[in-house]
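For the numbers below, each heavy atom of this structure counts, side chains included, while hydrogens, waters and symmetry mates do not.
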Amino acid sequence: MRICHTDAATVTGIYSGLTLPRVPGHEVVGHIDALGAGVSRWEIGQRVGVGLIGGEDGVCEPCRRGDMVNCQNPVTTGVAVDGDMRK
């Protein structure tokens, strides 16, 4: 298992606004085991991964302009939502 600065900061609770408990780990990789109704882009068994930025809020000024890279409230894997420490 590898522990990086982001994981350590999550475990110690130094991120402002962090809600504990939280599962650290922002380098999530696995295989799809189920799909929701109407999902056609992905396949069961397909290998997938999520990095540090797992999404955007969709409502801030940059997101409304289509500039999700500069989201003011990104969904940070292992900080804003649970991550995965099975490395």
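In plain terms, the two heavy atoms of Glu61 and Arg64 that are nearest each other are OE1-NH2, 2.6 Å. Heavy-atom minimum distance, Trp42 versus Leu35: O-CD1, 3.5 Å. The two residues Pro24 and Val11 make their nearest non-hydrogen contact at CG-CG2, 3.8 Å. Across every non-hydrogen atom of Gly83 and Thr77, the tightest pair is CA-CG2, 3.9 Å. Val79 and Leu18 get closest at one heavy-atom pair: O-CD1, 3.2 Å. Pro62 and Cys71 make their closest contact through CB-N, 4.3 Å (heavy atoms, listed as atom of the first residue, atom of the second, distance).
A single hydrophobic cluster is not seen to contain both Leu20 and Ile14; linkage of ILVMFWY side chains at heavy-atom distances under 4.5 Å, directly or through other members, places them apart.
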message = With side chain to side chain contact (heavy atoms under 4.5 Å, CB included) as the criterion, how do Glu56 and Val75 come out once you've worked through the C-alpha distance, each side chain's angles and the decisive distance to 0.1 Å?
response = CA-CA 5 Å; Glu56 58 281 330; Val75 178; over 6 Å; no
Would you check, one step at a time, whether the test side chain to side chain contact (heavy atoms under 4.5 Å, CB included) holds for Leu52 with Thr76? CA-CA 6 Å; Leu52 178 62; Thr76 310; 3.4 Å; yes
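Remark: side-chain polar atoms of Thr10 are paired, donor with acceptor, to backbone N or O of Gly78 under 3.5 angstrom.
Other residues, nucleotides and ligands contribute over 12 non-hydrogen atoms within 6.0 Å of the CD atom of Gln72.
Side-chain contact check for Met68 versus Cys63: some heavy-atom pair is nearer than 4.5 Å. Inter-residue side-chain proximity for Val29 and Arg47 is flagged as met; some heavy-atom pair is nearer than 4.5 Å. His31 places none of its side-chain heavy atoms less than 4.5 Å from the side chain of Val48.
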